[in-house]
Amino acid sequence: QVELVESGGGLVQAGGSLRLSCAASGRTFSNYAMGWFRQAPGKERELVAAISRSGVSTYYADSVKGRFTISRDNVKNTVYLQMNSLKPEDTAVFYCAADQTFSTVMTGKTSGMDYWGKGTLVTVSS
């Protein structure tokens, strides 16, 4: 059993920054590739960024490339999403998810993820 808890969401002006954190329970965090997804009202959940078990490989959706950075600290069992130059269209509930393979996370298929957090709301005002 793995529990994921997101934090760091909130209200920010366009052009501002936020850092999201996802804390994982257990002692096997390093065995999982991680992804950040987001879901805006009325839209499907989409993959934003992914990171491999070691942190060597990363993936970013075209819509956030150059603005967002995913990282992880396997000692603290935490994955981060640094979000800069935020836009109103970034407004969504952000979820972290875990799977044992990086390739599976990169597919962006929500049904393929083994574990999900409950989400943290990011609201970007114009």
Side-chain angles (χ1 to χ4, degrees):
Q1 192 76 20
V2 176
E3 290 189 6
L4 305 173
V5 181
E6 304 96 334
S7 62
L11 176 64
V12 65
Q13 292 182 322
S17 299
L18 284 174
R19 189 179 75 161
L20 305 183
S21 298
C22 176
S25 66
R27 301 166 66 182
T28 59
F29 176 70
S30 62
N31 291 334
Y32 291 89
M34 302 293 297
W36 282 100
F37 292 73
R38 68 184 181 189
Q39 187 166 24
K43 295 188 176 181
E44 295 184 354
R45 193 170 299 184
E46 63 175 351
L47 177 66
V48 173
I51 190 166
S52 63
R53 290 173 291 180
S54 66
V56 171
S57 299
T58 58
Y59 164 86
Y60 298 96
D62 289 341
S63 60
V64 307
K65 194 172 297 182
R67 300 189 296 123
F68 292 9
T69 302
I70 189 171
S71 62
R72 68 189 298 160
D73 186 334
N74 287 347
V75 175
K76 294 183 176 181
N77 288 358
T78 303
V79 63
Y80 305 95
L81 186 67
Q82 178 66 46
M83 305 185 295
N84 299 325
S85 302
L86 283 162
K87 305 175 181 179
E89 51 262 45
D90 294 320
T91 296
V93 176
F94 282 71
Y95 301 87
C96 68
D99 191 84
Q100 291 191 354
T101 64
F102 183 56
S103 59
T104 298
V105 178
M106 286 200 306
T107 67
K109 296 181 178 179
T110 58
S111 61
M113 302 298 103
D114 290 336
Y115 302 100
W116 288 94
K118 293 183 178 180
T120 185
L121 177 63
V122 172
T123 303
V124 184
S125 63
S126 60

- Task: Would you mind reporting whether L4 and Y95 have side-chain heavy atoms less than 4.5 Å apart?
- Result: no
- Is there a chain of hydrophobic side chains (I, L, V, M, F, W, Y, each step under 4.5 Å between heavy atoms) that links L20 to L11? no
Taken to the nearest 0.5 Å, the spacing of R72 CZ from C96 SG works out to 11.0 Å
In short, disulfide bond (SG atoms under 2.5 Å apart) pairs touching residues 97-126 with sequence neighbours left out are none
Legend entry - Min side-chain heavy-atom separation D90-F68 under 4.5 Å: yes
One should read off an interatomic distance between W36 CH2 and T120 OG1, to the nearest 0.5 angstrom, of 7.5 Å
Tell me whether V105 is reachable from W116 by hopping between hydrophobic residues (I, L, V, M, F, W, Y) whose side-chain heavy atoms are closer than 4.5 Å.
yes
When D73, V2, N74, V75 are each screened for side-chain contact (heavy atoms from CB on, under 4.5 Å) with F29, the one that passes is N74
To the nearest 0.5 Å, atom OH of Y115 lies from atom CD of Q100 at 7.5 Å
Check: A92 main-chain N/O paired with Q39 side-chain donor or acceptor under 3.5 Å: no
Rounded to the nearest 0.5 angstrom, the CG-OG1 distance for L86 and T91 is 8.5 Å
Report task. Compare all side-chain heavy atoms of R38 with those of V64 and state whether any distance is below 4.5 angstrom. Result -> yes
**Prompt:** Quick one: do Y32 and Y80 end up in the same hydrophobic cluster if we chain Ile, Leu, Val, Met, Phe, Trp and Tyr together by side-chain heavy atoms under 4.5 Å apart?
**Reply:** no
(Q) Taking K118 first and then E6, would you say they form a salt bridge - that is, a charged N and a carboxylate O separated by under 4.0 Å? (A) no
If two hydrophobic side chains count as joined below 4.5 Å and joins carry through other members, does M34 share a cluster with L47? no
Nearest heavy-atom approach of A14 to P88 is CB-CD, 4.1 Å
| Donor-acceptor contact below 3.5 Å, side chain S85 vs main chain R67 | no
Value for CD1 (I51) from CZ (F102), rounded to nearest 0.5 Å, stands at 8.0 Å
Residues pairing under disulfide bond (SG atoms under 2.5 Å apart) where one sits in residues 97-126, two or more places apart or in two chains, turn out to be none
(Q) Are more than 12 heavy atoms, taken from residues, nucleotides or ligands other than R53, located less than 6.0 Å from that residue's CZ atom? (A) no
#### Entry: Joint cluster assignment, F94 & Y60, ILVMFWY side-chain distance < 4.5 Å
yes
Rounded to the nearest 0.5 Å, the CG atom of L81 sits from the OG atom of S71 at a distance of 8.5 Å
**Message:** Do M113 and T104 have side chains that approach each other closer than 4.5 Å (heavy atoms only, starting at C-beta)?
**Reply:** yes
### Message
For a 4.5 angstrom cut-off between non-hydrogen side-chain atoms, does M83 reach V122?
### Response
yes
Can you confirm whether E89 is buried at CD, in the sense that more than 12 heavy atoms of other residues, nucleotides or ligands lie under 6.0 Å from that atom? yes
With a 4.0 Å cut-off, would you call K65 and D62 a salt bridge? yes
